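These numbers come from a predicted model, not from an experiment. Chain A is the first sequence line, chain B the second, and so forth, proteins listed ahead of strands; every chain is numbered from 1.
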Amino acid sequence: MSVPEFNEIVESNDQTEARRYHLESLRELVGNVYPNKFDRGVIQDGITIISNQKATITNVVEFARPIKDKHISDLPEGEKPLDEQRDAANAELNGYHVRIAGRLAVPPRVMGKAAFVHLSDGVSRLQIYARKEDFTVLKNTGDSRLSTLDSWTAFGLFDHGDFIGVEGFLFVTKTGELSVHVETIRFLAKAMFPMPDKMHGIADPELQRRFRYADLIASSLQVEHDGLTTREVFERRAKLISGMRRFLDDAGYNEVETPMLTPKATGAAAKPFATHHNALDIPLYARVAPELYLKRLTVGGFEKVYELNRNFRNEGLSMKHNPEFTMLEFYCAYMDVNGMMDFSEAMIKESVQKATGGSLQVKYGENEIDFSKFERISMMDAVEKYALEGRNPHGNEGASSSSEKDQNDTLPTGRVSALFEEYVESKLIQPTFIIDYPKSISPLSKASPENPNIAERFELFINGMECANGFSELNDPQEQYERFVDQMKEREGGDEEAMVMDEDYIRALSYGMPPAAGIGIGIDRLVMLLTNRHSIRDVILFPHMRPERREDEK
RNA sequence: GGUCCGAUAGCUCAGUCGGUAGAGCAAAUGGCUUUUAACCAUUGGGUCGAAGGUUCGAGUCCUUCUCGGAUCACCA
């Protein structure tokens, strides 16, 4: 196997050569060009107010803003503050020393004997102002510092994207922008590659996903953008997930982790990834769902239990499908499907608000999705409402619609679910629970007490996408055994996705499982809705891509 | 897997009817001590995704391939 040269990875061109030259020149001036740490802080009168890890650029900007606003506020666009306003602000701001660190968010604007540049911590940016013969660069090897002349030379070797740490005092410029008047600078790390285009970021979706780090840099350095930046998408994703965790924790749920590598791929109708354990010499499968493990835990006495983690399905990729995706599954003892719909609706509403910053309405493409109300409609009624438009689902002209409900148990379920998938799903834009599923397509679900052919099961559709799936859990081991046998028959009949017999699960149910309801919520799809992203690959940091191939391997 | 679209400088993109390869940003050099998409001047930078074909001549037309996007079928 041939190992590529460093210069093949960091491709040599005029951009990288310039940066390489700057790096070597800096090494001669400051010694170690990749120092191990930099202490940050905000200091007044020699007393540290905000120290070290908390003194991000964002925190420093938030700290200084009210001080500036006291003297200069509501400045109209393009207007400069009055001299006396600025003097008053600076009289106070100059008393604060700050040590901040960040990435050069722009190429330095050097004007002969003074320079401006913005530093970014990924969220906020803060301008620094360095004046020739007015600051020094600290050496990173030894305790000494450069002469002011060498310091100015070193400053000229900083590139857009480098990391530096600076110490200085706060002030506002003539244009009213909060800035740091630099006294000392420490070089922290070099960017060998040029930064993404400041106006357009990374435009090619392949490169956005393949080089997500560069895409994230672009979203913090880009000057203007429409909608959420890539960074904001993943911040919103994190807020949704933490909102859900908090909601469940507060409701008394236990978070657990069940096996990712399982001897049997069960719990969902899906094709698994297969692997092999060498020491045990057995096949293992990446899990397709944690469902049966979580229900074993309800047998074991965890009345409320959840797992928020990845599932793996060896199926096609699409706008809505990634080989690994994140699912929240939870189970609650003594609850039925109706209680579960109530609870999960409340949970989704609250965590959507946490994610959006309070709003229950989000724009998704042409649609506005309103999370404030969730409709509930049976699959049969949905088919009548959206698909048949007056025709009856049996194909018998003249049958009245009132009699159709009574005939649910005699309907060919294949026809209903086919009609549903073909005509109804795409019309379910607003959050809608579809209820009353045919039992035959719900092998882990309990039957309705009113109708033995209907499963107490629901799926939540939003913008035509299935976002959640829940039911009253089947806890009769004998019936579960028979359902597994039926599944195995379908498997033998050629259905690769039909479930396999899980003997230990039957054994677990035979110890007694309380009545319970459960749900699985597709987190990625929910994040798509909340961030107006139309491909699941845009809400997964590192989605699956074909591996890169080098020229000599082709 | 089917269909449609795309790949040109480090980045974002033009490139007309087949006739000398272009711009902005970025880079380099010089100027500028409150700029902010800094500005002014100068300079360098190209295997036009790959291979083959048609042609006097191909970024442009044709074929095949690679990668990506959109869309359809299966999956959540």
Side-chain angles (χ1 to χ4, degrees), chain A residues 10-19 21-22 78 80-81 86 90 105-118 125-134 152 156 159-161 171-177 179 181 192-210 214 218 221-224 267-272 288-289 311-327 329 421-422 425 459-461 465-469 495-497 520-526 528 534-537 545-549 551 553-554:
Chain A
V10 183
E11 189 193 350
S12 179
N13 56 48
D14 63 328
Q15 313 287 313
T16 54
E17 281 309 312
R19 285 162 184 265
Y21 173 71
H22 293 166
K80 293 178 179 177
R86 199 156 54 85
N90 283 337
V106 290
R109 296 183 289 274
V110 180
M111 296 164 301
K113 296 191 175 76
F116 286 97
V117 66
H118 282 86
R125 51 176 72 198
L126 177 55
Q127 180 170 261
I128 65 167
Y129 172 62
R131 211 155 61 173
K132 190 177 181 182
E133 293 174 9
D134 199 26
W152 186 246
D159 289 304
H160 183 197
F171 76 111
V172 289
T173 63
K174 278 183 182 169
T175 53
E177 178 165 348
S179 306
H181 189 117
M192 297 304 296
F193 282 115
M195 292 296 103
D197 186 282
K198 65 185 167 190
M199 297 311 289
H200 306 93
I202 294 179
D204 183 339
E206 179 191 356
L207 301 182
Q208 284 176 1
R209 294 160 186 169
R210 213 180 269 289
L221 302 189
Q222 213 172 326
V223 177
E224 287 168 0
K271 287 178 237 172
V288 295
N311 291 338
F312 306 87
R313 299 192 183 173
N314 203 347
E315 286 157 3
L317 284 73
S318 81
M319 302 282 282
K320 297 179 198 171
H321 299 89
N322 195 58
E324 55 182 290
F325 62 101
T326 300
M327 179 115 100
E329 277 202 22
E421 280 170 26
E422 192 172 351
E425 282 190 13
E459 287 191 1
L460 173 62
F461 286 86
M465 274 195 298
E466 186 192 334
C467 291
N469 179 7
D495 184 355
E496 280 183 75
E497 293 171 359
I521 299 176
I523 298 298
D524 310 285
R525 291 182 176 181
L526 217 43
M528 287 168 68
H534 296 251
S535 169
I536 196 169
R537 295 175 148 205
M545 316 271 298
R546 278 198 180 82
E548 289 179 85
R549 287 202 302 174
E551 290 297 318
E553 288 169 350
K554 281 178 185 171

Does [X] use its side chain to pair, donor to acceptor, with the backbone of [Y] at less than 3.5 Å?
X: A/N90; Y: A/V172; value: yes
X: A/H160; Y: A/P108; value: no
X: A/D524; Y: A/T326; value: yes
X: A/T16; Y: A/M192; value: no
X: A/R125; Y: A/L221; value: yes

Interatomic distance where [atom1] belongs to [X] and [atom2] belongs to [N] [whole Å]:
X: A/E11; N: B/U47; atom1: CD; atom2: C1'; answer: 12 Å
X: A/I202; N: B/U12; atom1: CD1; atom2: P; answer: 7 Å
X: A/D197; N: B/U12; atom1: CG; atom2: C1'; answer: 5 Å
X: A/E177; N: B/A37; atom1: CD; atom2: C1'; answer: 13 Å
X: A/R19; N: B/C11; atom1: CZ; atom2: P; answer: 13 Å
X: A/I128; N: B/U34; atom1: CD1; atom2: P; answer: 16 Å
X: A/K132; N: B/U34; atom1: NZ; atom2: P; answer: 14 Å
X: A/L221; N: B/A26; atom1: CG; atom2: P; answer: 14 Å

In whole angstrom, give me the gap between the [atom1] atoms of [N] and [M].
N: B/C62; M: B/U55; atom1: P; result: 16 Å
N: B/G46; M: B/G52; atom1: P; result: 22 Å
N: B/U20; M: B/U33; atom1: P; result: 46 Å
N: B/G45; M: B/A28; atom1: C1'; result: 10 Å
N: B/A7; M: B/G49; atom1: P; result: 7 Å
N: B/C48; M: B/C13; atom1: C1'; result: 14 Å
N: B/A27; M: B/C17; atom1: P; result: 37 Å
N: B/G69; M: B/C25; atom1: P; result: 31 Å

Query raised in the report: If each of A/K80 and A/P108 is mapped to the nucleotide of RNA chain B with the nearest heavy atom, which maps nearer the 5' terminus, i.e. the 5' end?
Result: A/P108

Requested in this report: Hey, which sits more toward the 5' end of RNA chain B by its nearest nucleotide, A/M195 or A/V117?
Outcome: A/M195

Let me confirm one number: the [atom1]-[atom2] distance from [X] to [Y], rounded to the nearest 0.5 Å.
X: A/K320; Y: A/C467; atom1: NZ; atom2: SG; result: 9.0 Å
X: A/R19; Y: A/D159; atom1: CZ; atom2: CG; result: 4.0 Å
X: A/M528; Y: A/M319; atom1: CE; atom2: CE; result: 6.5 Å
X: A/I523; Y: A/R525; atom1: CD1; atom2: CZ; result: 12.0 Å

Detail all sub-3.5 Å separations between protein N/O atoms and N/O atoms belonging to nucleotides 28-32 of chain B.
unit_1, atom_1, unit_2, atom_2, d
B/A28, OP1, A/H22, NE2, 2.9
B/C32, N3, A/V110, O, 3.3
B/C32, N3, A/G112, N, 3.3
B/C32, N4, A/V110, O, 3.4
B/C32, N4, A/G112, N, 3.3

May I ask which nucleotide in the shown strands pairs with [N], Watson-Crick or G-U wobble, both distances under 3.5 Å?
N: B/A9; answer: none
N: B/U63; answer: B/A51
N: B/C17; answer: none
N: B/C32; answer: none
N: B/G1; answer: B/C72

Query raised in the report: If only side-chain N and O atoms of A/R109 are considered, is one of them under 4.0 Å from the OP1 or OP2 phosphate oxygen of B/U35?
Result: no

Under 4.0 Å, heavy atoms only, any strand: does [X] hit a base, just the sugar-phosphate, or nothing?
X: A/F171; value: base
X: A/P196; value: nothing
X: A/N13; value: sugar-phosphate
X: A/H118; value: base

Report task. Record whether the side chain of A/Q15 comes under 3.5 Å of the base of B/A27 through a donor-acceptor pair of N or O atoms. Result -> no

Query raised in the report: Has the side chain of A/Q127 got a donor or acceptor that lies under 3.5 Å from a partner of the other kind on the base of B/U35?
Result: yes

Query raised in the report: Among side-chain atoms of A/E17 and A/S12, is any donor-acceptor pair under 3.5 angstrom?
Result: yes

Query raised in the report: Between the side chains of A/R537 and A/Q208, is a donor N or O closer than 3.5 angstrom to an acceptor N or O?
Result: no

Requested in this report: For A/S535, check side-chain hydrogen bond (donor to acceptor under 3.5 Å, both in side chains) against everything at least two apart and list the hits.
Outcome: none

Query raised in the report: Reading nucleotides 68-76 of chain B from the 5' end, what letters show protein touch, with B for base, S for backbone sugar-phosphate only, - for no heavy atom under 4.0 Å?
Result: SSSS--SBB

